Structures are given as structure tokens and as C-alpha cells.
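Just so it is clear, the structure is predicted and the values come from calculations on it, not from any experiment.
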Amino acid sequence: MFELIKKYEGCELKAYKCPAGVWTIGWGTTFYPDGSKVKEGDTITQEVADGLLLWYCTTKIKLPGNIYLHNQKEALYSLIYNIGQTAFDRSKCKKAILAEDWKTAYKEWDWETACGKKLKGLVNRRADERKLFFRGLV
């Protein structure tokens with residue numbers, strides 16, 4: 001289910017700073033289940049990294065109320081994992097998805113910058129997410 005996240009996040013078992021300057025570990029984890037933030041010098045095992053991804057996606061991500069196909073869930077998990085639940089909840093994209101206004105949702109699926117810079121990795125990730133989510137809709 002989380003293959004798109006894994007493809008774009010990659011897995012690092014030692015903490016590193018992501019392009020946005022945030023300490024990150026595993027499959028893009030920035031904080032642990034106890035609420036503490038990832039910090040310089042942290043290390044984890046592959047098993048812990050996989051567990052953190054599953055924990056985050058199943059407890060922190062809330063998909064909008066529609067019923068989705070597997071590919072649409074995969075795309076939404078990837079998007080929300082990357083941009084955060086709060087940003088998604090406030091977005092025109094979410095409103096359009098709930099209204100089943102697919103053309104607007106497609107247009108608003110546009111988070112491609114970090115720290116004010118357009119990043120090729122985010123452009124590619126958004127393109128893959130759109131391809132999955134909107135298959136047969138737009």
C-alpha cells in the first residue's frame with residue numbers, strides 16, 4: 001500500500017536533514033509515536049523504519065470521506081504523508097475531491113516546492129500521484 005511513499009522518500013536508518021531542513025529518519029519520519037522529534041545522531045533498524053511508516057499512515061493520516069480504489073488510496077497516502085494532514089485538510093484539492101470535482105482536484109494537486117524552491121523530485125512525485133489517483137477520472 002505504501003510503495004509510492006517508499007519510492008520517493010527512500011529509507012535512511014540514520015537521521016538526516018531533508019530538503020526542508022527537518023531532521024528525518026526511516027521512510028521520511030520526522031517524529032516518533034511518543035511525540036519526540038527525530039534529532040541528529042538518531043539511528044533505527046529497518047524493522048523500526050517499516051513500523052514507523054505503518055504507524056504514521058494508519059494513525060495520523062485521515063483520508064477524505066469518499067470511498068476509494070486501492071490506487072487512489074495509495075496516491076492520497078503519498079500526498080498526505082509528504083505535505084501533512086493539516087495542509088491537505090485546508091486545501092482546495094481536498095474540497096474538490098469531496099465534491100468529486102476531478103478537474104479542480106487535479107489542478108490543485110500541486111505541492112511541488114520546498115523552502116520556496118520547485119524540486120524535481122516533488123514534481124515527479126505529484127505526477128505519479130496524479131496518474132494513480134485520477135486514472136479514468138480526468
Side-chain angles (χ1 to χ4, degrees):
M1 170 58 71
F2 309 120
E3 295 311 308
L4 204 52
I5 293 171
K6 289 178 177 181
K7 175 181 176 180
Y8 284 103
E9 294 292 340
C11 188
E12 295 289 336
L13 302 180
K14 183 176 179 187
Y16 65 97
K17 279 197 175 180
C18 74
V22 178
W23 284 104
T24 306
I25 202 163
W27 298 106
T29 300
T30 58
F31 65 93
Y32 301 105
D34 68 2
S36 63
K37 292 183 178 182
V38 173
K39 61 187 180 315
E40 185 176 12
D42 285 0
T43 60
I44 58 174
T45 65
Q46 186 66 54
E47 184 178 37
V48 170
D50 294 344
L52 287 169
L53 175 61
L54 180 62
W55 164 78
Y56 188 89
C57 289
T58 58
T59 65
K60 299 296 181 186
I61 293 179
K62 306 294 180 226
L63 300 181
N66 298 2
I67 297 171
Y68 301 100
L69 301 172
H70 177 82
N71 58 294
Q72 291 174 311
K73 288 180 185 176
E74 175 87 19
L76 283 169
Y77 276 118
S78 177
L79 175 67
I80 297 168
Y81 190 82
N82 183 238
I83 69 168
Q85 188 72 51
T86 302
F88 181 71
D89 286 345
R90 293 179 179 164
S91 72
K92 292 177 184 176
C93 182
K94 180 183 178 184
K95 289 177 183 72
I97 288 170
L98 289 171
E100 297 184 10
D101 177 356
W102 307 125
K103 286 184 177 162
T104 299
Y106 187 93
K107 180 180 151 253
E108 295 295 334
W109 199 297
D110 62 353
W111 293 267
E112 297 174 341
T113 62
C115 297
K117 293 183 193 173
K118 193 169 201 168
L119 300 180
K120 183 171 177 47
L122 290 178
V123 170
N124 293 340
R125 184 175 187 160
R126 297 293 95 89
D128 280 355
E129 291 164 353
R130 281 186 190 112
K131 184 178 176 182
L132 271 179
F133 189 89
F134 296 100
R135 188 181 310 151
L137 296 176
V138 177

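- Remark: the backbone N or O of Asn71 is not paired with any side-chain donor or acceptor of Arg135 at under 3.5 angstrom.
- Every residue two or more places apart in sequence or in another chain was checked for a side-chain hydrogen bond (donor to acceptor under 3.5 Å, both in side chains) with Trp23, and none qualifies.
- In this structure the side chain of Leu79 never reaches within 4.5 angstrom of the side chain of Phe133, judged on heavy atoms.
- Each salt bridge (charged side-chain N to carboxylate O under 4.0 Å, His left out) pair with one or both residues in residues 78-96, not counting sequence neighbours, appears once here: Asp89-Lys94.
- Residues that satisfy the salt bridge (charged side-chain N to carboxylate O under 4.0 Å, His left out) test with Glu108, not counting sequence neighbours, are absent from this structure.
- Apart from Leu4 itself, the hydrophobic cluster it occupies contains Tyr8, Leu132, where clustering links Ile, Leu, Val, Met, Phe, Trp and Tyr at side-chain heavy-atom distances under 4.5 Å.
- In this structure, Leu52 is not a member of the same hydrophobic cluster as Val22, with clusters built from ILVMFWY side-chain heavy atoms closer than 4.5 Å.
- Residue Leu76 holds its CG atom at 7.5 Å from SG of Cys93, rounded to the nearest 0.5 Å.
- Scored by the salt bridge (charged side-chain N to carboxylate O under 4.0 Å, His left out) test, Lys17 finds no partners at all (sequence neighbours excluded).
- Contacts of Glu12 classified as side-chain contact (heavy atoms from CB on, under 4.5 Å), with partners at least two apart in sequence or in another chain: Tyr16.
- With sequence neighbours left out, the salt bridge (charged side-chain N to carboxylate O under 4.0 Å, His left out) criterion links Glu9 to Arg125.
- Using a 4.5 Å heavy-atom cutoff, the side chains of Leu13 and Thr43 are not in contact.
- Every residue two or more places apart in sequence or in another chain that forms a salt bridge (charged side-chain N to carboxylate O under 4.0 Å, His left out) with Asp128 is listed here: Lys7.
- Among residues at least two apart or in separate chains, salt bridge (charged side-chain N to carboxylate O under 4.0 Å, His left out) pairs with a member in residues 36-48 are Lys39-Asp42.
- Under the side-chain hydrogen bond (donor to acceptor under 3.5 Å, both in side chains) criterion, Thr86 pairs with no residue at all, not counting sequence neighbours.
- Scanning for side-chain contact (heavy atoms from CB on, under 4.5 Å) contacts around Lys6 gives Glu3, Trp27, Leu53, with sequence neighbours left out.
- Residues Trp102 and Glu100 meet the side-chain proximity criterion, which asks for heavy atoms closer than 4.5 Å.
- Taking the side chain as every heavy atom from C-beta outward, Phe2 and Asp50 never approach each other to under 4.5 Å.
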Give the intermediate values and the outcome of side-chain contact (heavy atoms from CB on, under 4.5 Å) for residues Gln85 and Lys62. CA-CA 7 Å; Gln85 188 72 51; Lys62 306 294 180 226; 4.0 Å; yes

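- Listed by chain and number, the residues in a side-chain contact (heavy atoms from CB on, under 4.5 Å) with Ala114 are Leu119, Leu122 (sequence neighbours excluded).
- Residues Tyr56 and Thr29 fail the side-chain proximity criterion, which asks for heavy atoms closer than 4.5 Å.
- Between the side chain of Thr59 and the backbone N or O of Trp55, at least one donor-acceptor pair lies under 3.5 Å.
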